[in-house]
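Worth saying up front: this structure is predicted, and the values here are computed from it rather than measured. Each chain gets a letter, A, B and so on, in the order its sequence line appears, and its residues count up from 1.
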Amino acid sequence: MSEKEIKNLEEIFEQRIARDEKIEPKDWMPEKYRKTHIRQISQHAHSEIVGMLPEGNWITRAPSLRRKVALLAKVQDEAGHGLYLYSACETLGISRDELYEQLHTGKAKYSSIFNYPTITWADIGAIGWLVDGAAIINQVPLCSTSYGPYARAMIRVCKEESFHQRQGYEIMIKLAKGSPEQKEMAQDALNRWWWPSLMMLGPTDAESVHTEQSMKWKLKRKTNDELRQQFIDQTVPQADLIGLTMPDPDLKWNEETGHYDFGDIDWDEFWQVVKGHGPCNEERLSARVNAWEEGEWVRDAAMAYAKKQEEKKLKKAI
Amino acid sequence: MMKNENLVHYIYGIADNALILGQRLSELCGHGPSLETDIALTNMALDLLGQTRSYYQYAAQLLGDGKTEDDIAYLRIERQYKNVLLVEQPNKHFGYVITRQFFYDVFHLLLLQELQNSKDETLSAIAKKGIKEVSYHQRFSSDWMKRLGDGTEESRKKTQEAINDLWKFTDELFHMTEDDKQVFEAEIGVDVTTLKQLYNQRVKEVLEEATLTIPEIKWFQKGGKQGIHSEHMGYLLSDLQYMQRTYPNMKW
């Protein structure tokens with residue numbers, strides 16, 4: 001294809017996006033669009049799968065049967081999200097094995113928040129409330145993103161996430177209204193998860209390298225700072241309502257702007273965790289690698305069996 | 001004459017199997033060999049824990065002393081759990097997980113198919129609902145026995161090893177306790193001794209197709225139904241009961 005032809009295709013492509021048309025797997029797309037989408041969708045899929053681990057940590061110790069079943073179902077939903085996001089990503093011409101390889105070798109990233117430990121039951125409430133809450137704010141705009149398979153996957157994901165968020169908040173309500181020990185457990189979890197949740201919405205706009213291009217492709221509809229503000233404005237009243245305090249002395253309502261002002265985020269911590277120095281980076285990655293390696297003989301067996309069955313069928317047909 | 005206590009213990013006998021197997025399966029959530037198997041094993045754990053809740057809620061109602069499903073699940077001592085030894089065996093590898101599941105599923109389905117005819121309406125209803133779920137469990141575990149048995153040399157070896165280790169726990173499934181006998185006499189419970197022949201036949205059929213064999217053993221292990229468990233059980237319970245023991249009398 002000549003440069004002129006490519007330029008022409010690019011123009012048509014950009015116009016389609018401007019008209020809010022969906023781009024489908026078989027449509028022509030610029031290589032950079034394809035790569036950016038593989039990066040973002042796979043990062044999202046990996047986050048779902050790695051995100052199963054901190055919460056999975058409490059399934060066997062959940063405090064009641066009702067909570068155990070709900071948590072198990074939630075973590076299973078995350079596996080389901082991983083499954084449809086990997087499938088969406090595969091439509092861009094990359095295999096699931098390649099995607100796993102990128103995760104296992106550290107080439108692909110996942111949401112840094114999952115590198116923090118879940119040390120009490122209240123962490124399960126805090127994750128549902130804050131982490132899923134921040135995820136929804138990030139994800140709702142993606143339901144109308146330009147790449148069709150991703151947008152459709154996100155519609156399903158968002159429905160389930162908002163259920164998870166309510167479930168998490170409900171755990172926190174119960175704790176906040178419970179015994180002094182329970183209330184303390186809830187406050188402690190909020191203290192530990194609040195700042196990492198704010199970081200989840202991404203680096204500040206000034207530092208964000210992908211924002212401009214992503215806005216153009218509708219892979220992003222609001223900037224990180226706008227999303228963060230939205231999350232804070234939405235979450236602070238929820239904490240007030242159940243008598244918990246945000247661990248930020250600078251947090252206060254600003255009549256003029258109609259938003260909450262908040263204190264400085266420790267971006268050094270964020271970048272350290274991104275670079276692999278969070279409290280659980282090694283555990284999370286090695287749990288995934290182990291599951292994959294220990295499962296190899298099982299996957300091989302399934303393949304070998306399927307092949308044998310296929311051969312048997314062929315023989316019968318002859 | 002059957003007493004209320006006999007019926008409660010009978011229910012524990014069935015429900016504790018579901019609880020403990022559900023607990024074992026839930027340890028695997030997030031660590032399966034593929035996303036698809038992870039989701040399927042979690043589904044089975046959810047079914048089993050759902051059944052557990054129905055049984056315990058009914059037992060709590062029969063006890064009538066204010067105890068809840070959670071008191072029954074979390075606040076008994078090890079000797080009071082009546083599950084068979086099979087279900088508490090650890091997740092040594094996927095071959096063990098599937099073999100344990102298969103050995104239990106075949107029994108479980110036979111049991112529920114009889115229990116649905118119980119004169120006790122609640123137990124009959126729980127059994128009817130469970131049959132749909134457990135039929136799927138049996139299909140899943142049977143299919144995997146075949147894949148693992150007739151897959152690669154390594155998978156056959158590993159799965160045969162699991163069978164050799166776990167078969168000795170299957171005979172206990174067909175033992176009748178004093179409570180079981182009383183509840184059977186009252187036409188509420190099932191005489192599990194009558195299920196053994198069909199069980200052996202079904203297991204054999206699947207294993208044959210899977211090119212696997214049942215080991216020749218003369219001595220079977222028992223004890224779970226009397227509350228005498230393996231050393232694995234204490235650790236399982238210390239996870240299960242951790243919150244309820246550390247923070248007594250609280251609502252979650």
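- With a 4.5 Å cut-off on non-hydrogen atoms, A:R96 touches chain B through its side chain but not through its backbone.
- Per-residue counts of heavy-atom pairs under 4.5 Å with chain A were compared for B:E27, B:E36, B:H93; the largest is that of B:E36.
- Both the backbone and the side chain of A:L83 come within contact range of chain B, each with at least one heavy atom under 4.5 Å from a heavy atom of that chain.
- With a 4.5 angstrom heavy-atom cutoff, A:R61 touches chain B via backbone and side-chain atoms both.
- Of the residues considered (A:R299, A:R66, A:E55, A:E296), A:R66 shows the highest number of contacts with chain B, using heavy-atom pairs under 4.5 Å.
- Residue A:E184 qualifies as open at atom CD: its count of foreign heavy atoms under 6.0 Å is 12 or below.
- Listed options A:A306, A:G80, A:A291, A:S64 were ranked by heavy-atom pairs under 4.5 angstrom with chain B; first place goes to A:S64.
- Heavy-atom minimum distance, A:L65 versus B:Y56: CD1-CD1, 3.9 Å.
- The most heavy-atom pairs under 4.5 Å with chain B, out of A:I59, A:L72, A:N290, come from A:L72.
- Heavy atoms of A:I49 lying under 4.5 Å from chain B belong exclusively to its side chain.
- Residues B:S155 and A:D300 fail the side-chain proximity criterion, which asks for heavy atoms closer than 4.5 Å.
- Within a 6.0 Å radius of NZ in B:K67, other residues, nucleotides and ligands contribute 12 heavy atoms or fewer.
- Distance CG/A:D77 to CD1/B:I39: 9.0 Å, rounded to 0.5 Å.
- Salt bridge B:E209/A:K312: absent, no basic N to carboxylate O contact under 4.0 Å.
- Neither the backbone nor the side chain of A:M172 comes within contact range of chain B; no heavy atoms are under 4.5 Å apart.
- When every heavy atom of B:G151 is checked against every heavy atom of A:K308, the shortest pair comes out as O-NZ, 3.1 Å.
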Inset, instruction - Evaluate side-chain hydrogen bond (donor to acceptor under 3.5 Å, both in side chains) for B:K251 paired with A:Q182, printing each intermediate quantity in order. - result: CA-CA 9 Å; B:K251 295 266 178 285; A:Q182 286 173 303; over 6 Å; no
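- When the candidates B:R156, B:R24, B:R53, B:E154 are compared by the number of heavy-atom contacts under 4.5 Å with chain A, B:R53 comes out ahead.
- When each of B:L28, B:T52, B:N43 is scored by its heavy-atom pairs under 4.5 Å with chain A, the top score falls to B:N43.
- Note: A:W58 and B:Y242 have tilted aromatic rings, judged against thresholds of 30 and 60 degrees for the angle between ring planes.
- Atoms CG and SG, on A:L53 and B:C29 in that order, are 9.0 Å from each other to the nearest 0.5 Å.
- Contact check for A:V298 versus B:T37: no side-chain heavy atoms found under the 4.5 Å cut-off.
- Contact annotation: the side chain of B:M250 approaches that of A:E181 to within less than 4.5 Å [non-hydrogen atoms, C-beta and beyond].
- In this structure, chain A has no heavy atom under 4.5 Å from any part of B:D143.
- The candidate from A:G125, A:A73, A:G51 with the greatest count of non-hydrogen atom pairs under 4.5 Å with chain B is A:A73.
- Between the side chain of A:R288 and the backbone N or O of B:G30, at least one donor-acceptor pair lies under 3.5 Å.
- The shortest heavy-atom contact between A:A304 and B:T152 is CB-CG2, 3.8 Å.
- Heavy-atom contacts from other residues, nucleotides or ligands closer than 6.0 Å to CZ of A:F163 number 12 or fewer.
- Neither the backbone nor the side chain of A:K307 comes within contact range of chain B, judged by heavy atoms closer than 4.5 Å.
- Listed options B:Q244, B:K158, B:K146 were ranked by heavy-atom pairs under 4.5 angstrom with chain A; first place goes to B:K158.
- Remark: A:E311 CD is packed, more than 12 non-hydrogen atoms of other residues, nucleotides or ligands lying under 6.0 Å away.
- In this structure, A:V75 and B:T42 have side chains that are not in contact, with every pair of non-hydrogen atoms separated by 4.5 Å or more.
- When each of A:G295, A:A79, A:G178 is scored by its heavy-atom pairs under 4.5 Å with chain B, the top score falls to A:A79.
- Atom NZ of A:K68 and atom CG of B:L49 lie 6.5 Å apart (nearest 0.5 Å).
- Residue B:D38 touches chain A through its side chain alone, counting heavy-atom pairs closer than 4.5 Å.
- Taking the side chain as every heavy atom from C-beta outward, A:M52 and B:H31 never approach each other to under 4.5 Å.
- At least one side-chain heavy atom of B:W252 sits under 4.5 Å from a side-chain heavy atom of A:W121.
- When heavy atoms are compared at a cutoff of 4.5 Å, B:A73 approaches chain A solely by way of its side chain, counted from C-beta outward.
- The environment of CD in B:E5 is sparse: at most 12 heavy-atom neighbours from other residues, nucleotides or ligands sit within 6.0 Å.
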